[in-house]
2 protein chains.
Amino acid sequence: MKYEAVTIKDIAKALGLSTSTVSRALRDSHEISAKTKSLVRNYAKDLNYRPNPIALSLKEKRSHSIGVVVCEIANSFFSQIINGIESIAYDKGYNVIISQSHESYSREVLDVDYLASRSIDGLLISVSTETNNFGHLQKLHEQGLPIVFFDRIINEIQTHKVTVDNFSGAYDATRHLAAEGYRRIANVSGSDYLTNTRERIAGYREALHDSRLPYDEQLIKYCIHGGKQYEEVEEVLDQLFALPEPPDALFSSADKITSHCMRYLKMKELKVPEEVGIVGFSNQAMTELLNPPLTIVKQPAFEMGRIAIEMLLQLIESKKPVKQFEHKVLPTELIIRDSSTGKIK
Amino acid sequence: MKYEAVTIKDIAKALGLSTSTVSRALRDSHEISAKTKSLVRNYAKDLNYRPNPIALSLKEKRSHSIGVVVCEIANSFFSQIINGIESIAYDKGYNVIISQSHESYSREVLDVDYLASRSIDGLLISVSTETNNFGHLQKLHEQGLPIVFFDRIINEIQTHKVTVDNFSGAYDATRHLAAEGYRRIANVSGSDYLTNTRERIAGYREALHDSRLPYDEQLIKYCIHGGKQYEEVEEVLDQLFALPEPPDALFSSADKITSHCMRYLKMKELKVPEEVGIVGFSNQAMTELLNPPLTIVKQPAFEMGRIAIEMLLQLIESKKPVKQFEHKVLPTELIIRDSSTGKIK
DNA sequence: GTGAAAGCGCTAACAA
DNA sequence: TTGTTAGCGCTTTCAC
């Protein structure tokens, strides 16, 4: 059951006017007399008239909704991004419709299709860790749907993008570990489909090089599912620590993975930072209260969300097709705490 | 700019049929010949025809969108709830439109108004910590908008509700602290406008009584802003520890407040659990990795979201007005860890 | 300054 | 079995 809203027709009938007059009066058209205008507007206010946004959408072919696809809402990094998105969208009168891929490619395809079929005005997406094929997005992009990528982007699609400086984030973290005396720094990364992962590994490599540390491929591990389950991370860590020369430090390149690494170290009773140092990408709350306080690479998530939606609105509201695209790269912040600063020399 | 979607009209024209025939063929109406049907459907598939949901909404007076209002998305408890909501909504073909009140009453009113004006089919809301007036919701409720309350409810509005057993959650936590030998158990709560808070305080009181511990009003502190800022919690804790007989344990009754309490104890270098024990409501990740591992009252957040949306869909999809309302109460779980189990006897 | 009518995409009652 | 028409709520051209 649903209540019946007041329509322009109701007002017109009650006031003995035509719907067009009412419409114009409400939109403050200059061709309506002051008297009629105030009559209509007062009456509308009394009845708490609200224009039906669906009717408007049908007319304007604009839904004032934007779709957002992330892997998980319940991941601090992404919820902070959504927070940033929502903060702007709300002010500009746009709805935010959220979907989660749960790191599944097929679910992402469904999400995107579903959103597209709901006539969104634009799409904000951070692809799933499994995504290495982008036909589903390419298709929509070619049809003219405004899309902005954030965090996990598809380089092949020409549109606005916003990421952090993954290379530097990883570089700084690794350099820091090296400076603290760690020599066997392992890299626990997400899926290597992601540009993120590749850039972070590049930064890590460069830092090893600049620290005159050898690059050992055995120390790089990928979590194809992005560390969704603890077991995935556990497995690669088991491999790492079973190495003849096990790592003395971990650099983890994603929120989820970082948490699982901490959990692992605790369960295995490995002393942090004496036996194993750790630095990870993380936007979790309370990392400073962990045991030991965790050194993190923090991303400006809220800011990223803000920028992404602003870029999208620019695309949506631009009169002429946008041909010049921007890729904004935000800085990360290395916050040094105890987890990485106590190697036994 | 926006791409032009294929419409029924396009198909009708191309095939030399009327729009109604096409419409009926697509909806698999029995009154259409098999031949026409397959003709239309194949052609539609080729063109990747998608019914325009806005047109459908206008016709059916149903938007297939539901509004959700929470205080903060970037709060684990709420993001887990949203996760639960989304999981069901998606399957049933409903959009989830999210708004945040940021714990502000006036913002909540705006959010609710905005959502209502966007012709949502129903509303899921957990009120802000400042909300002690419910006219904005009452109005919509009277107009027939289906509403379901979760977590922070308004008792005065007759509709479905889902909460946890706040009384028992608080009772168990307090009993546990008492059993561990803590004698001056302070209660750091949210706003006393919230039924949550009142129930948790009642549980706390009963537990004190059952543990033969005196009830001391000085030990109860409210955070009217729900502990949104650290400073708010800091202030009440300063008061508590400045007492002639300061507390030897804290029971915190909200996620945000719990985190701030931990932060405070760390900053003041109070030894947990020896000098001060602590138990808090929390759905944060990694509480077991804190220093010390935190004893928590955990809420079934995902479940709560699932149930809330199911109740709402029942309301929305019910043919006749629903008169019998349900208030589901879910159990909490006390997870005992080191933060509450080490009092110096 | 105001009204009539068409149209956005779709469905459904009514005709044929 | 298929087509015609009206209508959901709104805006906007075209008349008056």
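Given the structure is predicted, the values throughout are model-derived calculations rather than measurements. Letters A, B, ... mirror the listed sequences (proteins, then strands); counts begin at 1.
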Item to complete: Kindly state which residues belonging to residues 12-34 of chain B come within less than 4.0 angstrom of DNA chain D, counting heavy atoms of the residue only, listed by number.
Response: B:G16, B:L17, B:S18, B:S20, B:T21, B:R24, B:E31, B:I32, B:S33
Worksheet item: Please give, in whole Å, the distance from C:dC10 P to B:R62 CZ?
Response: 18 Å
Discussion item. Using the side chain to side chain donor-acceptor pair (under 3.5 Å) criterion, which residues pair with B:T163? Sequence neighbours excluded.
Written reply: B:H327
Item to complete: Using heavy atoms and a sub-4.0 Å distance, could you list which residues of residues 39-59 of chain A are near DNA chain C? By number, please.
Response: A:L58, A:K59
Discussion item. Restricting to side chain to side chain donor-acceptor pair (under 3.5 Å), what partner residues turn up for B:Q138, sequence neighbours left out?
Written reply: B:E142
Practice prompt. Tell me, please, which residues at least two apart from A:E310 pass side chain to side chain contact (heavy atoms under 4.5 Å, CB included).
Written response: A:I88, A:R306
Worksheet item: Per the end-axis method with five pairs at each terminus, what is the bend angle of the helix from C:dG1-D:dC16 to C:dA16-D:dT1, to 10°?
Response: 60°
Fill in: Where at least one partner belongs to residues 13-25 of chain B, residue pairs that pass salt bridge (Lys or Arg N to Asp or Glu O under 4.0 Å), sequence neighbours excluded
B:R24-B:E31
Fill in: salt bridge (charged side-chain N to carboxylate O under 4.0 Å, His left out) partners of A:R50, counting only residues at least two apart
B:D113
Worksheet entry | Pair listing, side-chain hydrogen bond (donor to acceptor under 3.5 Å, both in side chains) test, anchored in residues 36-46 of chain A, at least two apart | A:D28-A:K37, A:S33-A:T36
Worksheet item: Can you list every pair that meets salt bridge (Lys or Arg N to Asp or Glu O under 4.0 Å) and has a residue in residues 86-105 of chain B, with sequence neighbours left out?
Response: A:R107-B:E86, B:E103-B:R152
Worksheet entry | Whole-Å gap separating C1' (C:dG9) and CD (B:E60) | 12 Å
Discussion item. With a 3.5 Å distance limit and no angle check, can you tell me whether A:S63 reaches the backbone of A:S57 through a side-chain donor-acceptor pair?
Written reply: no
Fill in: Residue pairs passing the ring-ring contact (aromatic ring centres under 6.0 Å, His included) test where at least one lies in residues 82-118 of chain A, sequence neighbours excluded
A:H64-A:Y94, A:Y90-B:Y114, A:Y105-A:H136, A:Y114-B:Y90
Practice prompt. Quickly work out the A:K9 NZ to C:dG3 P distance and round it to whole Å.
Written response: 16 Å
Worksheet item: Quick one: side chain to side chain donor-acceptor pair (under 3.5 Å) partners of A:S20, sequence neighbours excluded?
Response: A:S18
